[in-house]
Amino acid sequence: MPHHALEILLTRPLARDELRHAARTWPLAANHDATRLMALMGAKTPDRAAYRLRRRLKAARLPIDVITTHYPDRNGQILLNLFFSPDTHAHLKSAARRAGQEPERFIEGAIHRALAEHASQETDRLDQAVRQLLAHTTPAYLLSAVGHALTRLPERPTP
């Protein structure tokens, strides 16, 4: 059975005792500020691995926001394992039914639309910033400055 690397994003940082208690439930690795955890879970599919991990960690009462696969699949996609309150789930089910979709596809579509909107806004923002820079320099100088800046970055920002 394959093992899947899963990332757990928390709604708040864990206290040292909370992390110790959770690590007794399942082996976990925390980032520097204990807002993200990593775990390995054996399962046939990433869906099952995320489901099993959420069930396993339920007793630890962690403030889990979302569980994701750490590595993208062959299509470059990551799995999001979300938990909704009963009221939120009922509202999503109702909205999905009105849209003629399954709740999972409805949420997937909403996430894709939000990501596309964000990408469009970011493109527009960068386009405007470049135009402002070009108002004060030549394209050759700007390109040179961008190349210089990119070679000096310690690390790339996370998307």
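None of these values were measured; they are calculated from a predicted model. In this chain, residues are counted from 1 in sequence order. All values below come from the heavy atoms of this structure, side chains included, with hydrogens, waters and symmetry mates left out.
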Participant: Please report the interatomic distance CG(Leu92) to CD(Gln101), rounded to the nearest 0.5 Å.
Facilitator: 12.0 Å

Participant: Is a side-chain N or O of His4 found less than 3.5 angstrom from the main chain of Ala43, in a donor-acceptor match?
Facilitator: yes

Participant: Going from CG on Leu79 to OH on Tyr71, what distance comes out if it is rounded to the nearest 0.5 angstrom?
Facilitator: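 The OH atom of Tyr71 is 15.5 Å from CG of Leu79, to the nearest 0.5 Å.
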
Participant: Can Ile78 and Asp73 be said to form a side chain to side chain contact (heavy atoms under 4.5 Å, CB included), step by step?
Facilitator: CA-CA 6 Å; Ile78 61 166; Asp73 64 13; over 6 Å; no

Participant: Show your working on side chain to side chain contact (heavy atoms under 4.5 Å, CB included) between Lys58 and Arg54 and close with a plain yes or no.
Facilitator: CA-CA 6 Å; Lys58 193 173 190 176; Arg54 187 176 289 276; over 6 Å; no

Participant: Are any side-chain N or O atoms of Thr137 and backbone N or O atoms of Leu134, one a donor and one an acceptor, separated by less than 3.5 Å?
Facilitator: no

Participant: Is there a donor-acceptor pair under 3.5 Å between the side chain of Asn81 and the backbone N or O of Ile67?
Facilitator: no

Participant: Mind checking the CZ-CD1 spacing from Arg61 to Ile64? Nearest 0.5 Å is all I need.
Facilitator: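 Separation between the atoms: 13.0 Å.
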
Participant: Quick one: does Leu6's side chain get under 4.5 Å of Thr68's, heavy atoms only?
Facilitator: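 Heavy-atom side-chain distance check fails, nothing below 4.5 Å.
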
Participant: Would a hydrophobic clustering, with Ile, Leu, Val, Met, Phe, Trp and Tyr connected at side-chain separations under 4.5 Å, put Phe84 with Leu9?
Facilitator: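 Same cluster: Phe84 reaches Leu9 through Ile, Leu, Val, Met, Phe, Trp or Tyr contacts under 4.5 Å.
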
Participant: Are Leu142 and Leu126 linked, directly or through other ILVMFWY residues, by side chains that come within less than 4.5 angstrom of each other?
Facilitator: no

Participant: Can you check whether Glu18 reaches His21 side chain to side chain, under 4.5 Å on heavy atoms?
Facilitator: no

Participant: Main chain of Ala119, side chain of Thr123: is a donor-acceptor contact present, judged purely on distance under 3.5 Å?
Facilitator: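 Side chain of Thr123 to backbone of Ala119, a donor-acceptor pair under 3.5 Å: yes, one is there.
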
Participant: Please test Leu19 against Leu37 for side chain to side chain contact (heavy atoms under 4.5 Å, CB included), starting from the C-alpha separation and ending with a verdict.
Facilitator: CA-CA 9 Å; Leu19 181 57; Leu37 307 172; 3.7 Å; yes

Participant: Side chains of Thr35 and Asp33: donor-acceptor distance under 3.5 Å anywhere?
Facilitator: yes

Participant: Would a distance-only check, ignoring hydrogens and angles, find a side-chain to backbone donor-acceptor pair under 3.5 Å from Arg56 to Thr25?
Facilitator: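 The answer is no, because no donor-acceptor pair under 3.5 Å joins these two groups.
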
Participant: Tell me whether Arg12 at atom CZ has more than 12 heavy atoms from other residues, nucleotides or ligands lying less than 6.0 Å away.
Facilitator: yes

Participant: Within the 4.5 Å heavy-atom criterion, are Leu57 and Leu28 side-chain neighbours or not?
Facilitator: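 Yes, side chains in contact.
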
Participant: Any chance you could measure Glu108, atom CD, to Arg113, atom CZ, to the nearest 0.5 Å?
Facilitator: 10.5 Å

Participant: Which is it for Ile8 and Leu53 under the side chain to side chain contact (heavy atoms under 4.5 Å, CB included) test, yes or no, and what are the steps along the way?
Facilitator: CA-CA 9 Å; Ile8 305 158; Leu53 181 63; 3.7 Å; yes

Participant: Within a 6.0 Å radius of atom CD on Gln121, are there more than 12 heavy atoms belonging to other residues, nucleotides or ligands?
Facilitator: yes

Participant: Quick check for you: to the nearest 0.5 Å, what is the distance between Glu104 atom CD and Leu80 atom CG?
Facilitator: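 Answer for the CD-CG pair, Glu104 versus Leu80, is 12.5 Å.
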
Participant: Output yes when a side-chain donor or acceptor of Arg55 lies under 3.5 Å from a complementary backbone atom of Tyr51, and no otherwise.
Facilitator: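 Checked: no pair found.
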
Participant: Assess the residue pair Ser85 and Asp87 against the criterion (side-chain hydrogen bond (donor to acceptor under 3.5 Å, both in side chains)); give the C-alpha distance rounded to whole Å, side-chain angles, the decisive distance to 0.1 Å, and a yes or no.
Facilitator: CA-CA 5 Å; Ser85 69; Asp87 284 346; 5.6 Å; no

Participant: Could you pull out the closest heavy-atom pair between Met1 and Arg52, with the gap in Å?
Facilitator: SD-NH1, 3.7 Å

Participant: Are Leu10 and Val66 grouped together when hydrophobic residues (ILVMFWY) are joined by side-chain heavy atoms under 4.5 angstrom apart?
Facilitator: no

Participant: Could you grab the distance from atom NE2 of His70 to atom CG of Leu40, nearest 0.5 Å is fine?
Facilitator: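 Nearest 0.5 Å value for the NE2-CG distance: 10.0 Å.
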
Participant: Taking the side chain as every heavy atom from C-beta outward, state whether Leu14 and Pro63 have any atom pair closer than 4.5 Å.
Facilitator: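 Yes; the side chains approach each other to less than 4.5 Å.
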
Participant: Applying the 4.5 Å side-chain criterion to the ILVMFWY set and letting contacts propagate, would Leu115 and Leu82 be lumped into a single cluster?
Facilitator: yes

Participant: Take atom CD in Glu102; do more than 12 heavy atoms of anything else shown fall under 6.0 Å from it?
Facilitator: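 No - once you tally the heavy atoms of other residues, nucleotides and ligands closer than 6.0 Å, there are 12 at most.
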
Participant: Please give me the minimum heavy-atom distance between Asn31 and Ala34, naming the atom from each residue.
Facilitator: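 In terms of heavy atoms, the two residues are closest at OD1-N, 3.0 Å.
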
Participant: Which heavy atom in Pro27 sits nearest to a heavy atom in Ala39, and how many Å separate them?
Facilitator: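 Closest heavy-atom pair between Pro27 and Ala39: O-CB, 4.0 Å.
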
Participant: Do Leu133 and Val146 sit in one hydrophobic cluster, given that two such residues count as connected whenever their side-chain heavy atoms are within less than 4.5 Å of each other, even indirectly?
Facilitator: yes

